[in-house]
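Letters go in sequence order (proteins before strands), and every chain restarts at 1.
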Protein chains: 2
Amino acid sequence: MPNKRSIFREFMARNGLKWTKQREAILEEFLDSKEHLSTEALYLAIRSKHPHIGYATVYRTLKLFAESGIAEERDFGGGQVLYELSNRGDHHDHLICNGCGAIIEFEDQSIEKLQENVAREHQFKITSHRLEIFGLCAKCSSPKH
Amino acid sequence: MPNKRSIFREFMARNGLKWTKQREAILEEFLDSKEHLSTEALYLAIRSKHPHIGYATVYRTLKLFAESGIAEERDFGGGQVLYELSNRGDHHDHLICNGCGAIIEFEDQSIEKLQENVAREHQFKITSHRLEIFGLCAKCSSPKH
DNA sequence: CACCTTTTGAAAATCATTTTCATAGGGGGT
DNA sequence: ACCCCCTATGAAAATGATTTTCAAAAGGTG
C-alpha cells in the first residue's frame with residue numbers, strides 16, 4: 001500500500017514534473033490537515049510556516065493532488081471547491097450541516113447498487129457520482145441550539 | 001392546480017414586488033424553454049425579442065423564480081448555475097452526460113428511502129439533497145461515436 | 001556544472017454573479 | 001387620472017474564486 005507521499009512523487013516523476021520545496025510543504029500541510037479544506041484554508045495554514053508561498057502555487061498544487069489521485073475535488077456549492085484526501089477505492093457520500101457546516105461522511109452499498117440499476121435502465125455508463133444530503137446535524141437540530 | 005404564472009404573480013403580490021414588462025417577458029421565455037438552462041442562455045434568448053432587457057435583470061428575475069418556488073437552482077459544477085422549472089412536489093435526480101451535456105432526470109423512491117435511513121442513523125434532519133450521476137449517455141457511449 | 005524546461009510569485013486577467021446608483025416606472029391612495 | 005413613494009431597471013463597476021501571464025528563480029539531466 002503505497003502511501004500518498006510516494007504516489008504523488010511517482011506521479012510527478014512519471015509526468016516530468018519537478019519536486020520543489022513549495023510542493024513538498026503544501027503536501028505535508030495537506031496530509032496533516034483534516035479533510036474537506038478549501039484552497040484558502042490551506043493557503044492560510046501554510047502561510048504561517050512558509051510566508052513566501054503564493055496563493056497561485058497552492059491552487060496549482062491542489063490541482064496536481066487531484067490529478068495524481070491522492071485528493072478529490074468536492075463542490076458542495078459553498079462557492080469554494082474543497083479538497084479531501086482520497087481513501088483509495090471506497091466511495092463515500094456526504095451529509096452537510098447547514099447549521100455548523102459540519103460534513104459527515106457515509107457509505108451505503110445499497111444506494112450505490114440502486115444507482116447502478118438506474119444507470120442501467122438508461123443505458124448510461126457511470127464514471128462518477130455524488131450524493132449530498134443537506135440539513136441539520138444532531139447538534140444543530142437539538143432544541144438547545 | 002394553479003399554474004406557474006399565477007403562482008409567481010401571487011408571490012410578487014404577497015411580497016409587495018412589482019409586475020413589470022421585463023419580468024413578464026422573462027417569465028414567458030422561461031416557461032417556453034426547455035429545462036435546465038443557464039442565465040446566460042435565457043438572457044440570449046430574450047435579447048432577440050427584447051434587446052433592452054439587461055443581464056442583471058435576468059439574474060435577478062431568475063432568483064425570484066427560485067424564491068417563488070416555480071423554479072429550482074441546480075449547480076452541476078459546470079461553472080454556471082442552471083435553472084429548471086419545478087415540477088410540483090416530486091423530487092428527481094440527474095444523470096449527466098459528460099459527452100454531449102445531456103441531462104436525464106430520474107426518480108427512485110428506494111434511493112430516497114435509503115437516504116432517509118442514513119440520515120436517521122446520524123440523527124440528521126434532511127432539508128434537501130441532490131444525487132448526480134456523471135458518465136456517458138447511451139448515445140455517447142455507443143461505439144459509433 | 002550547464003542548459004533547458006518547469007516552477008514560482010505577484011499582479012493582472014477571467015468568469016459568473018452581485019451590487020451600485022441614477023433614472024424610470026409600478027400601483028396604491030386620493 | 002394624478003401623486004408620490006418606493007421598487008425596478010440597465011449600464012457599469014464591484015466582487016470573489018480561480019486562472020493566467022510573465023519575468024525571475026530553481027529542478028534535474030547529461
Which whole-number value in Å describes the distance from [X] [atom1] to [N] [atom2]?
X	N	atom1	atom2	value
A/Ile46	C/dG9	CD1	P	10 Å
B/Met12	D/dT7	CE	C1'	10 Å
A/Arg23	C/dT6	CZ	C1'	8 Å
B/Phe76	C/dA16	CZ	P	18 Å
B/Asn15	D/dC6	CG	P	18 Å
A/Ile26	C/dT8	CD1	C1'	10 Å
B/His52	C/dG25	NE2	C1'	13 Å
B/Ile53	D/dA11	CD1	P	11 Å

Partners of A/Phe30 by ring-ring contact (aromatic ring centres under 6.0 Å, His included), sequence neighbours excluded? A/Phe65

So if I define the base as every atom that isn't primed, P, OP1 or OP2, how would nucleotides 16-29 of chain D read as a B/S/- string at a heavy-atom cutoff under 4.0 Å? -SBBBB----BBS-

Would the distance check show the side chain of A/Asn15 and the main-chain N or O of A/Leu17 forming a donor-acceptor pair, the cut-off being under 3.5 Å? no

For the side chain of A/Ser38 and the backbone of A/Leu82, is there at least one donor-acceptor N/O pair under 3.5 Å apart? no

Test of understanding: with side-chain hydrogen bond (donor to acceptor under 3.5 Å, both in side chains), list the residues that count as partners of [X], not counting sequence neighbours.
X	result
A/Glu10	none
A/Arg130	B/Glu132
A/Lys113	none
A/Glu24	none

Test: side-chain hydrogen bond (donor to acceptor under 3.5 Å, both in side chains). Region: residues 40-52 of chain A. Which pairs qualify, not counting sequence neighbours? A/Glu29-A/Lys49, A/Glu40-A/Gln80, A/Tyr43-A/Arg47

Would you list the atom pairs, donor with acceptor, under 3.5 Å between side chains in residues 115-126 of chain A and any protein atom, with sequence neighbours excluded?
residue: A/Gln115; atom: OE1; partner: A/His129; partner atom: ND1; Å: 3.3
residue: A/Gln115; atom: OE1; partner: A/His129; partner atom: NE2; Å: 3.3
residue: A/Asn117; atom: OD1; partner: A/Arg120; partner atom: NH1; Å: 3.2

Axis-to-axis angle for the helix from C/dC1-D/dG30 to C/dT30-D/dA1, ends of five pairs each, to 10°, equals 30°

Partners passing side chain to side chain contact (heavy atoms under 4.5 Å, CB included) against A/Ala56 (at least two apart in sequence or in another chain): A/Arg60

Would you call the rings of B/Phe11 and B/Phe8 parallel, tilted or perpendicular if under 30° counts as parallel and over 60° as perpendicular? parallel

Could you label the plane-to-plane angle of the A/His36 and A/Phe76 rings as parallel, tilted or perpendicular, counting under 30° as parallel and over 60° as perpendicular? tilted

Anything under 3.5 Å between a protein N or O and an N or O of nucleotides 28-30 of chain C, put it in a table, one pair a line.
none

Separation between CZ (A/Arg5) and CG (A/Asn3), nearest 0.5 Å, reads 6.0 Å

Heavy atom of residues 65-74 of chain B under 4.0 Å from DNA chain D: which residues? none

